[in-house]
Q: 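Let me begin by handing over the structure; questions about it come next.
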Amino acid sequence: MDRAAIIGVGMTKIEKRKIRQTFADMAWEAVNKALTDAGMTMDDIDNVVTTSSDFWDGRTISCMAVGDASGAAHKNISCVEGDGTYGAFYGMTRALSGSYRTTLVTGHTKGSESVSSLITNAAFDPIYERSLGMDMITACAMQARSYMHRTKTTSEQLALVSVKNHGNALKNPLAQLPLNLTVSDVLASEMVADPLHKLDCSPVSDGCAAVIIAHESVAAKFRQKPVWVRGVSFCADSFFFGDRDLSRAGSLAQAAKKAYAMAGIHDPKKEIDVAEVSDAFTYQELLWLEEMGLADDAAAGKQLERGDFNLDGPLPVNASGGLLSGHPVIAAGLYSMAAVVRQIRGDAGGFQVKKAKTGLVQGVNGLGGQSHCVWILDKDK
Amino acid sequence: MSDQFQGIEPMVYQSQINVPYSWWAGDTATRFFVTLRDEKKITATKCGDCGKVLLPPRKICPRCFTENMEWVNVSDEGTLLTFAVARRPFAAIPADKKVPVIWGLIQLDGADTALLHYLDGVRPEEVSIGMRVRAVYAEARKGTIRDISHFKPVK
Amino acid sequence: MAKRVAIVGTGQTFHKSHRPDVNGQELIHEAVARALSDADLKLKDIDAIVIGNMDHFEGINYVDCWSVDGSGGTMKPIIKLTTGGTTGCTVAIGGYHLVASGMFDRVLIIGWEKNSESDTTGAITTAFDPIWDRLVFAGAISGLAAEAQAYMARYGATDRDGARVSVRDRKHAMNNPHAQLRKEVSLEEVLASPMLADPIHLLDVCPRSDGACAVIMASEEVAEKICPTPDWIWGTAARHSYSYLGDADYGRLTSMREGSQELWKKAGIKEPRKELDVIEMYQPYSFGGLIWIEDMGLVGPGEAPRYIWDGNTDMGGELPINPSGGVISCNPIGATGLIRCAEAAMQVMGKAEGRQVPDVNFAFSSGFGGCWWTDMILHGKKKPA
Ligand SMILES: [Zn+2]
């Protein structure tokens with residue numbers, strides 16, 4: 001198989017409500033930042049993949065709003081619906097298929113413009129479940145309970161994820177919620193859905209991110225040193241919660257295993273230097289780390305207390321502040337990817353970690369992490 | 001350049017997607033709901049290939065990917081696997097439900113998979129994983145999942 | 001090295017206006033089971049799944065996740081692509097790139113729609129820009145009527161020319177057991193049917209349908225082991241320009257012109273009318289069957305009516321179009337573009353039964369939607385160079 005690299009990233013600042021920008025305006029900003037970052041012009045882009053969701057945008061064929069702003073006029077274009085990591089996956093295959101050499105991938109969300117409880121309620125099965133009125137927060141509360149019960153992880157340990165990630169965000173000017181918090185602050189915040197407090201949950205956010213993925217034959221032609229894709233895989237679990245072990249994420253374990261195999265990684269704990277994982281809720285960072293073999297089973301909370309995942313720890317996790325500090329849902333995975341790319345390039349600014357040769361990015365689709373996409377990025381080809 | 005938003009609110013177009021949907025349950029779910037409505041019985045499908053009893057009932061076994069199902073009755077009593085408690089009145093919560101609303105994932109005796117539903121008749125503080133619960137049927141049943149009113153603890 | 005890609009199996013439901021006997025997952029499963037059986041594969045052989053539909057037609061968010069019981073996606077990679085009416089062709093193009101990249105050897109591609117479950121027009125209206133266009137535009141038909149009017153004004157075509165295309169497709173549908181509408185109509189019947197939006201009569205347009213389609217693509221290493229005469233993908237193209245209603249060139253399908261020219265160039269096709277053997281195009285209304293084949297370069301601007309009246313696109317003609325009966329005979333939107341792809345593949349593979357065109361070397365399939373968007377695929381009997 002040929003190799004692909006990420007050669008440019010661009011992001012808008014993540015904000016609570018972008019009243020001055022439409023979807024297209026956000027895309028325009030992110031795309032131009034990515035082109036500048038890569039030292040490219042739109043003419044250097046062969047094809048475009050946008051990532052959006054008709055539900056979040058309140059618009060059938062939501063990709064229509066951003067195609068032109070993403071520079072796709074007179075070019076080949078497609079649209080992935082789901083997390084940005086999936087959009088990037090499809091974009092990568094297009095750069096490797098022989099049809100194109102460079103793919104521009106964008107993802108956007110304006111959470112501020114809709115009611116997330118209703119949008120995510122629509123992900124439940126309409127016949128057996130939807131009328132019960134659950135949504136993403138209550139679904140994840142259920143999973144959090146299940147995970148805490150199995151692993152004996154405590155509310156204090158969950159809160160510490162929030163403290164760490166909001167604290168990291170203080171060093172990331174793009175983050176929406178940089179906060180100096182204590183564990184008590186998190187535990188004293190409103191209980192929204194037991195066992196999740198308000199500060200255990202990511203905020204509603206607006207933002208757009210873009211990444212440029214290139215075939216190896218052109219990856220070094222532009223301004224940036226390429227960040228190579230060493231491994232990538234995605235996998236979906238059963239849909240119904242009652243068909244899964246909700247305290248685990250079997251599909252994530254499988255996706256990570258395949259991504260490691262592709263990357264030739266045998267000991268992820270030692271070989272991964274930095275990770276951006278989907279921390280839409282505090283417990284998720286811990287559960288996902290365990291399932292990917294980046295923390296010991298049922299021990300992520302303890303390792304967190306030890307400082308293992310801090311900015312200056314052995315495996316910095318969500319050094320950018322993560323989704324807890326800003327969560328434009330569909331774009332989320334692209335923000336995570338861009339953060340790891342910057343770490344590996346050494347230009348992450350205030351949240352730069354010391355060693356960042358090999359990085360991991362994880363994105364999520366569906367309720368309670370039904371589907372996961374895992375990327376291994378590397379400084380070396 | 002002067003700020004065009006100075007002193008004014010930006011224009012907002014208020015809209016909602018209001019498409020009337022009618023989801024046809026299909027033969028399999030219809031049979032489940034008719035039995036639930038008329039006989040107050042919870043039924044499930046058992047896969048003839050892997051032997052798993054699936055609830056909600058399935059026409060196709062997701063693992064074996066075959067259509068080889070027989071109907072079986074499952075108990076209306078089971079074990080609580082996990083639960084969530086809404087404290088905020090989230091928009092998706094039906095109007096007739098007042099917070100705190102408790103949802104549980106309940107594995108009924110005789111089923112290999114668990115069902116999502118409400119827990120009621122119990123305070124959130126009294127709910128624990130592993131507790132035994134039993135279905136309470138709605139008085140007026142219309143052939144929907146809410147023909148089960150909720151599950152309550154078995155005393 | 002990029003890999004060559006071929007279609008090795010296809011499956012469809014028997015499309016109907018309403019399928020109350022199955023839910024969405026079960027409908028999907030019918031098509032998937034038929035495709036697996038056609039390729040003589042088991043679910044375990046499938047490395048990844050691409051699925052698509054239009055969210056607001058079923059009102060289900062994260063369809064890739066919800067559908068796994070029917071798609072077979074449990075513990076597999078599954079990804080959702082969606083671009084509106086073009087979706088069915090978009091997912092096929094997606095499957096092509098997933099295999100060509102070398103990431104997967106066997107990819108299952110699914111398009112589906114239960115149009116009966118929503119108010120289709122209400123859902124389509126939300127496609128248009130909420131601030132500029134949505135309040136003044138209702139559903140798909142008004143845009144199509146504007147296109148037809150512009151074409152007629154420019155080239156002097158008439159509603160009889162449109163009706164002739166409808167007569168052709170409805171006749172062809174008689175040969176396709178999967179088609180929803182299987183009733184021959186006369187020119188007079190089309191013209192006498194209720195006027196929906198001038199010049200479009202009821203019998204000029206597609207129905208609403210429930211249906212699903214599945215296609216299996218394989219890499220060159222395994223394709224010929226699965227299927228001795230696979231359908232090779234020679235190239236794909238898509239154009240989705242435009243964001244506002246006023247941006248389109250009414251009367252010409254720019255996306256078709258740009259995309260097909262790219263495709264002909266990729267494949268070294270000089271005279272598409274002579275080199276193509278069969279076309280399955282997403283043509284949701286009769287006038288598209290005139291305008292768009294001109295944009296494909298089959299005939300010159302304004303020449304399509306004469307070409308079609310002469311029977312060239314009928315079964316047995318120079319270049320049969322829509323042997324399946326096309327979209328006018330059945331339109332489960334998210335599946336429709338993929339059905340075109342499957343039908344073109346069946347023609348190349350020699351599996352099209354009663355609607356088989358003899359000796360197909362090159363076939364063309366397309367998807368239409370969004371706002372005058374076109375996705376397209378060139379299929380061939382020979383392995384591409
Ligand atoms: Zn089974």
Side-chain angles (χ1 to χ4, degrees), chain A residues 17-21 54-55 57-60 113-150 190-198 201 238-247 368, chain B residues 3-5 9-12 15-17 19 21 23-26 29-30 32-33 52 54-58 62-63 81-95 97 99-107 111-118 124-125 127-130 144-146:
Chain A
R17 190 181 299 121
K18 284 184 180 288
I19 55 172
R20 286 158 189 256
Q21 285 185 307
D54 291 4
F55 270 86
D57 288 5
R59 182 172 182 170
T60 284
E113 297 192 340
S114 60
V115 181
S116 93
S117 177
L118 298 177
I119 302 287
T120 56
N121 172 254
F124 283 87
D125 182 74
I127 295 165
Y128 288 117
E129 300 178 330
R130 197 178 294 180
S131 61
L132 299 174
M134 292 186 79
D135 60 15
M136 186 63 89
I137 293 183
T138 47
C140 289
M142 189 172 264
Q143 182 171 45
R145 174 85 60 185
S146 189
Y147 168 70
M148 293 166 80
H149 180 79
R150 174 175 64 80
E190 177 196 354
M191 180 67 87
V192 291
D194 300 34
L196 301 175
H197 303 79
K198 185 176 179 206
C201 307
S238 302
F239 170 74
F240 288 112
F241 277 14
D243 288 16
R244 301 187 220 164
D245 177 351
L246 207 54
S247 76
Chain B
D3 184 346
Q4 64 158 334
F5 285 157
E9 285 293 305
M11 184 269 176
V12 178
S15 177
Q16 52 185 339
I17 300 283
V19 179
Y21 294 104
W23 292 289
W24 295 85
T30 296
F32 169 83
F33 287 122
K52 284 231 185 319
L54 301 166
L55 184 68
R58 253 52 72 86
R63 299 278 172 164
L81 299 185
T82 180
F83 64 101
V85 184
R87 301 283 179 172
R88 251 194 216 175
F90 296 109
I93 296 173
K97 285 280 177 185
V99 291
V101 177
I102 316 173
W103 294 272
L105 196 55
I106 299 134
Q107 183 159 358
D112 288 297
T113 62
L115 186 70
L116 268 187
H117 219 293
Y118 297 117
E125 298 70 34
V127 180
S128 62
I129 289 177
T144 76
I145 196 66
R146 294 197 65 185

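Residue numbering restarts at 1 for every chain, and letters A, B, ... go by the order of the sequence lines.
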Q: I need the residue from A:Ile127, A:Asn121, A:Leu132 with the largest number of non-hydrogen atom pairs under 4.5 Å to chain B.
A: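 Highest number of heavy-atom pairs under 4.5 Å: A:Leu132.
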Q: Can you say whether A:Val192 sits under 4.5 Å from chain B via the side chain, the backbone, both, or neither, judging by heavy atoms?
A: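 For A:Val192, backbone and side chain are both near chain B.
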Q: Which answer fits A:Tyr128, side chain, backbone, both or neither, if we ask what part of it has an atom under 4.5 Å from a heavy atom of chain B?
A: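 Both the backbone and the side chain of A:Tyr128 come within 4.5 Å of chain B.
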Q: Take B:Thr82 and A:Tyr147, measure what side-chain contact (heavy atoms from CB on, under 4.5 Å) needs, and give me the verdict at the end.
A: CA-CA 9 Å; B:Thr82 180; A:Tyr147 168 70; over 6 Å; no
Q: For atom NZ of B:Lys97, is the number of surrounding heavy atoms from other residues, nucleotides or ligands below 6.0 Å larger than 12?
A: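 Result for NZ/B:Lys97: enclosed.
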Q: Shortest non-hydrogen contact from A:Ser117 to B:Ala91?
A: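 Looking at all heavy atoms of both residues, the shortest contact is OG-N, 3.3 Å.
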Q: Salt bridge check, B:Arg58 against A:Asp243: does any charged N sit closer than 4.0 Å to a carboxylate O?
A: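 Yes, this pair counts.
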Q: Heavy-atom cut-off 4.5 Å, strictly under: side chain, backbone, both or neither for B:Pro89 against chain A?
A: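 Looking at B:Pro89, nothing touches chain A.
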Q: Is A:Lys18 atom NZ crowded by more than 12 heavy atoms from other residues, nucleotides or ligands, each under 6.0 Å away?
A: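 Count over threshold, so yes.
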Q: Supply the atom-to-atom distance A:Arg145 CZ to B:Leu105 CG, rounded to the nearest 0.5 angstrom.
A: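 The CZ atom of A:Arg145 sits 13.0 Å away from the CG atom of B:Leu105.
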Q: Could you go through the side-chain contact (heavy atoms from CB on, under 4.5 Å) check for A:Asp194 and B:Arg87 one step at a time?
A: CA-CA 7 Å; A:Asp194 300 34; B:Arg87 301 283 179 172; 2.7 Å; yes
Q: When you compare the side chain of A:Thr138 with that of B:Phe90, does any pair of heavy atoms fall below 4.5 Å?
A: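 Yes, at least one pair of side-chain atoms sits under 4.5 Å.
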Q: Heavy-atom cut-off 4.5 Å, strictly under: side chain, backbone, both or neither for A:Glu190 against chain B?
A: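 Contact with chain B: side chain only.
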Q: Yes or no on side-chain contact (heavy atoms from CB on, under 4.5 Å) for A:Ser131 and B:Ile145, after CA distance, side-chain angles and deciding distance?
A: CA-CA 8 Å; A:Ser131 61; B:Ile145 196 66; 3.4 Å; yes
Q: Taking every non-hydrogen pair under 4.5 Å, which of A:Ile137, A:Leu246, A:Leu196, A:Thr120 racks up the most with chain B?
A: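 Of the options given, most contacts go to A:Ile137.
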Q: Search all heavy atoms of B:Ala84 against all heavy atoms of A:Met142 and return the closest pair with its distance.
A: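 Distance-wise, the nearest heavy atoms are CB-N, 3.6 Å.
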Q: Could you walk me through whether B:Arg88 and A:Lys198 pass the side-chain contact (heavy atoms from CB on, under 4.5 Å) check?
A: CA-CA 10 Å; B:Arg88 251 194 216 175; A:Lys198 185 176 179 206; 3.7 Å; yes
Q: Can you tell me which portion of B:Tyr21 sits under 4.5 Å from chain A's heavy atoms? Options are side chain, backbone, both or neither.
A: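 It is neither, since no heavy atom gets under 4.5 Å.
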Q: Less than 4.5 Å to any heavy atom of chain B: does that hold for the side chain of A:Phe55, its backbone, both, or neither?
A: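 It is neither, since no heavy atom gets under 4.5 Å.
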Q: Enter the distance from A:Arg130:CZ to B:Thr144:OG1 here, rounded to the nearest 0.5 Å.
A: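 If I round to the nearest 0.5 Å, the distance is 14.0 Å.
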Q: Under 4.5 Å between any side-chain heavy atoms of B:Leu116 and A:Met134, yes or no?
A: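 Side-chain contact under 4.5 Å: yes.
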Q: Say you draw a straight line from CD of A:Glu129 to CG of B:Leu115; how long is it, rounded to the nearest 0.5 Å?
A: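 If I round to the nearest 0.5 Å, the distance is 8.5 Å.
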Q: Could you pull out the closest heavy-atom pair between A:Asp135 and B:Ala92, with the gap in Å?
A: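 Where A:Asp135 meets B:Ala92 most closely, the heavy atoms are CB-CB, 4.4 Å.
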Q: Looking at B:Trp103, B:Trp23, B:Tyr118, which one has more heavy-atom pairs under 4.5 Å with chain A than the rest?
A: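 Of B:Trp103, B:Trp23, B:Tyr118, B:Trp103 has the most heavy-atom pairs under 4.5 Å with chain A.
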Q: Return the OG to CG distance between A:Ser247 and B:Leu81, rounded to the nearest 0.5 Å.
A: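 Between atom OG of A:Ser247 and atom CG of B:Leu81 there are 10.0 Å.
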